[in-house]
Amino acid sequence: MTNTTDAVREGLRSGLRRRHMTMIAIGGAVGAGLFVGSGSVIRTAGPAAVLSYAVAGVLVLCVLRALGEMVVAGSVGAERPAAGSIAEYARMSLGPFAGFTVGWLYWYLYVVLVGAEAVAGAAILKSWIDLPSWLLAAALLVTMTAVNLISVRSFGEFEFWFASIKVAAIVVFLILGVSYVLGLWPHGHGGFGNLTAHGGPMPHGISGVFSAIVVVMFAFGGTEIVTLAAAESDEPARAVARATSNVLWRVGVFYVASIFLVVTILPWDDAKVLTSPFVSALGQIGVPAAGTIMEVVILTAVLSVLNSAIYVSSRMLYVLTRDGDAPTGLVKLTRRGVPARAVLLGTVAAWCAVLASAVSPDRVFSFLVNSIGVILAFCYLAIMFSHWRFRARMRRENPAALTYRLWGYPYVNWLVIAVLLVVMGSMLTKPDLRPQLLASIVSLAVVAAIYPLRVRFGRTPPVRAASEIES
């Protein structure tokens with residue numbers, strides 16, 4: 001391994017090619033939540049779930065566009081943009097407290113997600129392999145940790161193929177679904193009757209649509225990963241601009257179109273929709289072994305999220321270390337530019353979640369999962385506030401760097417912030433969502449309470465400001 005000084009000077013290496021970045025962006029938009037969690041959205045909103053996904057997609061698009069603007073501007077006059085962009089731009093725009101808090105919250109989010117996805121993957125494997133769940137979860141953790149320890153290109157290659165499988169599955173589902181709905185499938189009844197039957201297209205009114213947005217918005221978590229990966233790509237500015245610009249069509253094709261087909265093929269209030277909407281839709285079409293096929297696809301989606309979560313948690317911890325918010329030793333890189341200690345620490349922390357799932361699934365593990373439920377919303381708020389300050393400063397200091405912009409500044413910033421606050425406020429009124437909000441607020445309070453200790457005993461981080469990205 002290189003020493004700490006060399007690691008800081010050399011930084012992360014570029015190893016992600018254009019095809020990796022493209023599929024990381026697409027894969028980040030398609031998680032296991034689409035294949036499984038969409039059932040609860042449909043049950044809440046009925047056929048109007050399509051509208052819930054569309055509205056939430058536009059909100060996430062605005063957030064990513066704002067983040068993309070900062071990353072693209074940050075690459076002007078620099079070899080690569082800042083790694084861990086969410087925390088870095090919060091630090092630049094809002095100060096060290098914001099950078100510390102957002103960085104550690106984001107790290108915690110993905111560490112718990114690593115454990116949760118390992119448990120989810122083990123549950124799928126359990127139906128095929130007669131071994132203890134904890135052992136299967138351990139095998140998944142060890143495998144994906146090894147992938148991330150090899151090199152960033154290894155991570156990108158695995159994510160490329162995982163994402164390719166997910167995309168191929170959705171494309172096949174869309175082809176089969178359209179054929180069935182249009183009456184082109186053998187023995188298929190087709191038609192659009194399910195959209196208006198069973199209470200109409202909006203059986204629970206507009207409140208059902210907005211209630212579903214709460215769940216849908218967090219299903220898009222992971223779309224921002226491409227902006228973090230930009231620090232290790234060959235064409236960071238172009239990759240980020242292309243990826244964030246294409247979010248709208250990805251949401252439209254993968255989420256809106258596929259959910260539209262589900263609620264067209266099946267009655268929205270069918271019990272099978274809640275448990276496994278895509279499996280039930282394929283079964284209705286008449287696809288043989290639909291359950292087994294979707295289990296393979298869902299396992300692929302879980303492994304994709306597990307792979308990405310290990311990557312994201314390690315890079316965020318690397319950034320926190322570099323900025324003086326974590327122990328210095330964690331910044332060390334291997335010869336291939338991998339922050340191996342940061343990878344391993346995140347994996348060890350994820351083991352705690354796996355252990356909790358076995359020892360205390362209803363209390364400790366349930367709290368851990370709930371405690372990350374709204375953290376992404378906190379990060380989205382930080383992005384929109386950071387962008388508001390960032391754009392104002394760049395207009396004064398280096399307007400030429402603003403080649404890729406969020407539309408409607410600053411009105412879109414305030415609109416997105418208002419919607420996020422309304423969404424979180426509405427969670428307080430819903431018994432099934434209230435624990436997520438309260439547990440996430442506890443996580444935020446804990447991280448904020450630690451910051452005075454970091455100020456008192458930590459080392460002074462380097463000063464980072466928007467002026468660093470002047471050309």
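Side-chain atoms of T300 and K166 form no donor-acceptor pair, as typed in the model, at a separation below 3.5 Å. A donor and an acceptor atom, one from each side chain of E224 and Y106, are located under 3.5 Å apart.
The shortest side-chain heavy-atom distance between Y318 and L330 does not fall under the 4.5 Å cut-off. Considering only heavy atoms from C-beta on, P47 stays 4.5 Å or farther from F260 through its side chain. With a 4.5 Å cut-off on side-chain heavy atoms, I372 and Q436 do not count as touching. The shortest distance between side-chain heavy atoms of W351 and V114 does not fall below 4.5 Å. Within the 4.5 Å cutoff, the side chain of T321 has no heavy atoms near those of the M316 side chain. Using a 4.5 Å heavy-atom cutoff, the side chains of F278 and V297 are not in contact. Using a 4.5 Å heavy-atom threshold, the side chains of L67 and H387 count as separate. Contact annotation: the side chain of L420 approaches that of V416 to within less than 4.5 Å [non-hydrogen atoms, C-beta and beyond].
More than 12 heavy atoms of other residues, nucleotides or ligands sit less than 6.0 Å from atom CZ of F367. Atom CH2 of W161 has 12 or fewer neighbouring heavy atoms from other residues, nucleotides or ligands inside a 6.0 Å radius.
The nearest pair of heavy atoms linking A66 to I383 is CB-CG2, 4.3 Å. Contact between V111 and A349 at its shortest, heavy atoms only, is CG1-CB, 3.3 Å. Of all non-hydrogen atoms in V112 and V369, the two that sit nearest each other are CG1-N, 4.4 Å. The two atoms that bring V63 and M384 nearest to each other are CA-SD, 3.8 Å, heavy atoms only. The two residues A290 and V279 come nearest to each other via the heavy atoms CB-O, 4.1 Å. Taking both residues in full, the closest heavy atoms of S52 and V216 are given as O-CG1, 4.0 Å, listed atom of the first, atom of the second, then distance.
No donor-acceptor distance shorter than 3.5 angstrom exists from the side chain of T44 to the backbone of A212, with no hydrogens or angles considered. Counting only distance, with no hydrogens or angles, the side chain of S440 and the backbone of V374 share a donor-acceptor pair below 3.5 Å. Remark: the backbone N or O of V147 is paired with a side-chain donor or acceptor of S154 at under 3.5 angstrom. Under the 3.5 Å distance criterion, the side-chain polar atoms of W134 are left unmatched by any main-chain donor or acceptor of L355. Between the S276 side chain and the S280 main chain, no donor and acceptor come within less than 3.5 Å of each other. A donor-acceptor contact shorter than 3.5 Å is absent between the side chain of K272 and the backbone of P277. A donor-acceptor pair under 3.5 Å is formed between the side chain of N370 and the backbone N or O of S366. Formation of a donor-acceptor pair under 3.5 Å by the R434 side chain with backbone atoms of L428 is found in this model. Distance alone, capped at 3.5 Å, is enough to place a donor-acceptor pair between the W268 side chain and the H198 backbone. Using modelled atom types, one side-chain atom of T334 and one backbone atom of V338 make a donor-acceptor pair closer than 3.5 Å.
From N307, atom CG reaches atom CD of E157 across 11.0 Å, with rounding to the nearest 0.5 Å. Rounding to the nearest 0.5 Å places CD1 of I450 at 8.5 Å from CH2 of W104. Interatomic distance, CG of L306 versus OG1 of T143, reported as 9.0 Å (0.5 Å rounding). Going from atom CG of L125 over to atom CG of L131 covers 9.5 Å, rounded to the nearest 0.5 Å. Between the CG atom of L184 and the CD1 atom of I175 there is a distance of 12.5 Å, given to the nearest 0.5 Å. We find the CG-OG1 distance between L195 and T264 to be 4.0 Å, quoted to the nearest 0.5 Å.
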Test R91 against F97 for side chain to side chain contact (heavy atoms under 4.5 Å, CB included), laying out the working first. CA-CA 7 Å; R91 180 183 299 276; F97 172 75; over 6 Å; no

So Y108 and S371, side-chain hydrogen bond (donor to acceptor under 3.5 Å, both in side chains) or not? Walk me through it. CA-CA 9 Å; Y108 174 72; S371 68; 2.7 Å; yes

Using side chain to side chain contact (heavy atoms under 4.5 Å, CB included), reason through I213 and Y53 one step at a time and then give a plain yes or no. CA-CA 7 Å; I213 289 175; Y53 275 99; over 6 Å; no

For V181 and L261: C-alpha separation, side-chain torsions, deciding distance, then whether side chain to side chain contact (heavy atoms under 4.5 Å, CB included) applies. CA-CA 8 Å; V181 169; L261 288 174; 4.0 Å; yes

Show, in sequence, the C-alpha distance, side-chain angles and deciding distance for V71 and Y89, and conclude whether the side chain to side chain contact (heavy atoms under 4.5 Å, CB included) test is met. CA-CA 9 Å; V71 173; Y89 292 108; 4.0 Å; yes

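Between F155 and Y311, the ring planes are parallel. Angles under 30° get that label, and only those over 60° would be called perpendicular.
The pair R43-D269 does not count as a salt bridge, with every side-chain nitrogen at least 4.0 angstrom from each carboxylate oxygen.
Between V273 and the options L266, I265, V41, V263, a side-chain contact (heavy atoms from CB on, under 4.5 Å) holds for only L266.
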